[in-house]
Every structure is written in C-alpha cells, then in structure tokens.
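These notes are about the structure you will find just below.
Note: hydrogens, waters and symmetry copies are ignored here, and every other heavy atom, side chains too, is used.
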Amino acid sequence: MDLSWSKIKEFLTFQIIEADKDGDFHLDTWHFILAITAIVVASLILRGVKKILTRKMDETDKLKFDSVFKFFNYLVYIIVIIIVLNSSGVDLTAILTASAALFIGIGFALQDFFKDIIAGITILVDKSLLVNDIIEMEGKVGRVFEIKLRTTRALTRDDKVLVVPNHLFLTQTIYNYTQNHPKTRENINVGVAYGSDTELVKATLLECAAKQSGLLKSPQPFVLFNNFGDSALEFGLYFFVRDSFVDPRIKSELRFAIDKAFRAQNITIPFPQRDVHIFQASNKND
C-alpha cells in the first residue's frame, strides 16, 4: 500500500517544467491535472448557464448569443487557469513580468482585432444589424447572411461575398436599406423634350408602373415634375419595392417599358445638345 502511494505521489509531483531556483516558475503533474479539471468544471458550468439563458430564445437570438458566449468562454478559461495555478503554489509573477513587453506588443498588433470583437458584440446586442438586412458600403450593395464576432459577411448583387470588419460599422457611414422595414422607395428619372404633353407623360409613366411586376401597389407609385432642365423636362417616377436587393433588374425592365410606351405615344426623349458658334476674327490689315 505504501509502495502504491509513493508511486502515486511520485507521479503527481513529476516536474513538467522545472524551476532553476526557488521562486521561479515551475509546473508539475498535479498542477497540470488541477488545471485540466478546472477547465472541465468551468466548461460544464458555462454549458449549464448557456442552456438556462437560451432556453426561451428563438434560433436567431441563440446564434447571436453563441457568438458572444464563445468569446466570454475564452476569458473564463484563462482566468480559471491563472487562479488554479496561483492557488496551487505556482508563482506566476515571474512569467507574467517577463511576458509584459510581449503582451504590450501583441496588444498593439491586435488592437484592430479587439475593436472588431467589441463592435461585433455591440452589433449583436443592440441589433443594429440583422441577418437578411440589405446594406450599402462604399458603393457596394449586399444582403447580410452571417454576423460573427470579428466580421460580417454579405452577398453582393454579383454573387460575390463582401467581408466587412465589424469596427467599420462604428467608424463609417453604412446605409441599411431594411433597418426599419423591408420595403424601400426607388425611383427612375427621365427627361422629355420641351413642348411635350406633361399630363400624358405623367399618365404614361404611371401606366408603366402599374403593369410592372415587383412594384408594390401600396404605397402607390407617383410622378414628380422635378425640373426644367437645360435640354429636357425632367420627371421622376417613384415607387416602392419589397426587395431592394433585386431593384436593378426591376428598374431595367421598367425602363424598357417606358421607352416602348413613349415611342407609342410619340413622346421624345431628347439628348443634350450644344450650339457651337464660330466667330471669324477680322483682319486689321484689310
């Protein structure tokens, strides 16, 4: 029995990392087992807490909570390991002091990374951005399909993935087409020749809008006489769509219909014209 206990004690006190002198950092098997046990216990506790907090959440909110909770898990594990090792007699002062400069360098190198993490948590908590939202950033329009702690991913109209670091949502102006509701107001501008029947132009534009699929009937499309332009009378056809992600296709089809209807009604769409006057300089010797 004594022999067995001595072997167990010898195993538990086996030096994994030996100290050069008293007070230096050291790590033996017992410390390692305690650290692993603490991580397992902490993992079970965190899993139970997560289950309690998410039991009444829908699937969308659960996915958001998981992203935040994973980051929280890492912090808990680090704190637990430090507490367990320090309470077991392992002096971490020397190793933490020696690593201070390294930690500062890593902190500067990862400052954008942590800004992305903080911004990601903010986005997930205040719900300023949701999956399926349509956003515009630097002239590119995309539909959000994934929000993570560090980045947000959106699918553009060209079927390309737009990866946006989360801190940009806090430092730049981002247009969210669907923050308030899914429908958005769009418009098509068109110019007609001076002398055209403006009431006929208005009626023709509204008729084209009424026949176009993809446009909402309520609110109703409407026409504005925007301006007396240099070369044309400028009109705007305004309408609402439910999915602004595909509005370029709808606008294209509507322009085809307007062009065809204008031709049928003999409504002319002018092009800019400029008159060039050439003056011949007089010869003083004449």
Side-chain angles (χ1 to χ4, degrees), residues 127-147 152-164 168-169 172-275:
K127 297 184 179 182
S128 58
L129 187 68
L130 302 174
V131 173
N132 290 325
D133 276 357
I134 299 173
I135 61 172
E136 179 182 346
M137 181 178 182
E138 296 182 352
K140 294 187 179 296
V141 177
R143 189 194 300 275
V144 176
F145 67 88
E146 187 177 40
I147 302 175
T152 293
R153 301 187 181 190
L155 189 68
T156 68
R157 288 168 173 162
D158 299 324
D159 204 29
K160 299 175 182 177
V161 176
L162 180 66
V163 181
V164 184
L168 295 181
F169 289 100
Q172 294 188 14
T173 300
I174 309 294
Y175 290 100
N176 191 328
Y177 290 3
T178 53
Q179 177 68 52
N180 296 327
H181 43 69
K183 65 176 181 287
T184 58
R185 195 184 79 174
E186 307 293 338
N187 70 284
I188 287 180
N189 296 317
V190 61
V192 300
Y194 275 89
S196 300
D197 185 342
T198 55
E199 291 298 329
L200 178 60
V201 172
K202 177 180 178 181
T204 304
L205 290 174
L206 291 176
E207 183 181 356
C208 291
K211 294 179 180 178
Q212 177 61 45
S213 61
L215 273 58
L216 297 180
K217 304 302 180 183
S218 178
Q220 293 182 347
F222 60 93
V223 174
L224 293 181
F225 191 158
N226 288 331
N227 199 13
F228 293 95
D230 294 336
S231 305
L233 304 175
E234 299 174 355
F235 289 83
L237 173 60
Y238 296 84
F239 52 89
F240 289 82
V241 297
R242 188 167 298 281
D243 188 358
S244 58
F245 190 69
V246 297
D247 81 274
R249 177 183 58 79
I250 296 175
K251 288 181 178 179
S252 176
E253 293 177 357
L254 195 51
R255 289 189 183 100
F256 276 114
I258 291 172
D259 179 69
K260 183 178 179 180
F262 276 11
R263 291 176 187 272
Q265 297 289 349
N266 293 320
I267 300 174
T268 304
I269 300 178
F271 53 88
Q273 300 182 26
R274 296 291 183 270
D275 294 331

[atom1]-[atom2] distance between [X] and [Y], expressed to the nearest 0.5 angstrom:
X	Y	atom1	atom2	result
Q212	I188	CD	CD1	8.0 Å
E136	I174	CD	CD1	9.5 Å
S231	I269	OG	CD1	13.5 Å
T173	L168	OG1	CG	11.5 Å
E146	T152	CD	OG1	9.0 Å
Y177	I135	OH	CD1	10.0 Å

State, yes or no, whether a side-chain contact exists between [X] and [Y] at a heavy-atom distance under 4.5 Å.
X	Y	value
K140	K160	no
K202	L205	no
V192	F262	yes
N189	F235	no
V131	D133	no
V141	Y175	no
V144	R153	no

Exercise. Taking all non-hydrogen atoms of both residues into account, name the closest pair between C208 and A261 and its distance.
Key: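 Here C208 and A261 meet closest at SG-CB, 3.7 Å.
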
Quiz prompt | Taking every non-hydrogen atom, the tightest pair across G229 and E234 | solution =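 Nearest pair, atom of G229 first, then E234: CA-OE2, 3.5 Å.
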
Self-check item: Pairs satisfying salt bridge (Lys or Arg N to Asp or Glu O under 4.0 Å), at least one member in residues 253-262, at least two apart
Solution: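 The answer is R249-E253, D259-R263.
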
Quiz item: Just wondering, more than 12 heavy atoms not from K217 lying within 6.0 Å of its NZ?
Solution: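 Correct, the count exceeds 12.
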
Quiz item: Does CZ in F256 sit with more than 12 non-hydrogen atoms of other residues, nucleotides or ligands closer than 6.0 Å?
Solution: no

Exercise. Taking only Lys NZ, Arg NE, NH1 and NH2, and the carboxylate oxygens of Asp or Glu, determine whether E207 and K211 approach each other closer than 4.0 Å.
Key: yes

Quiz item: Distance only, no hydrogens: is a donor on one side chain within 3.5 Å (strictly under) of an acceptor on the other, for Q220 and S218?
Solution: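 Looking only at side-chain atoms, S218 and Q220 do not form any donor-acceptor pair under 3.5 Å.
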
Determine yes or no for a side-chain-to-main-chain donor-acceptor pair under 3.5 angstrom, with [X] supplying the side chain and [Y] the backbone.
X	Y	value
D197	E199	yes
T204	L200	yes
N176	T178	yes

Could you give the side-chain donor-acceptor pairs of residues 236-248 under 3.5 Å, partners two or more places apart or in another chain?
unit_1 : atom_1 : unit_2 : atom_2 : d
D243   : OD1    : R143   : NH2    : 3.0
D243   : OD1    : F245   : N      : 3.1
D243   : OD2    : R143   : NH2    : 3.0
D247   : OD1    : R157   : NH2    : 2.6
D247   : OD2    : K251   : NZ     : 3.3

Exercise. Apply side-chain contact (heavy atoms from CB on, under 4.5 Å) to the pair L233 and F228, showing each step before the final yes or no.
Key: CA-CA 5 Å; L233 304 175; F228 293 95; 3.5 Å; yes

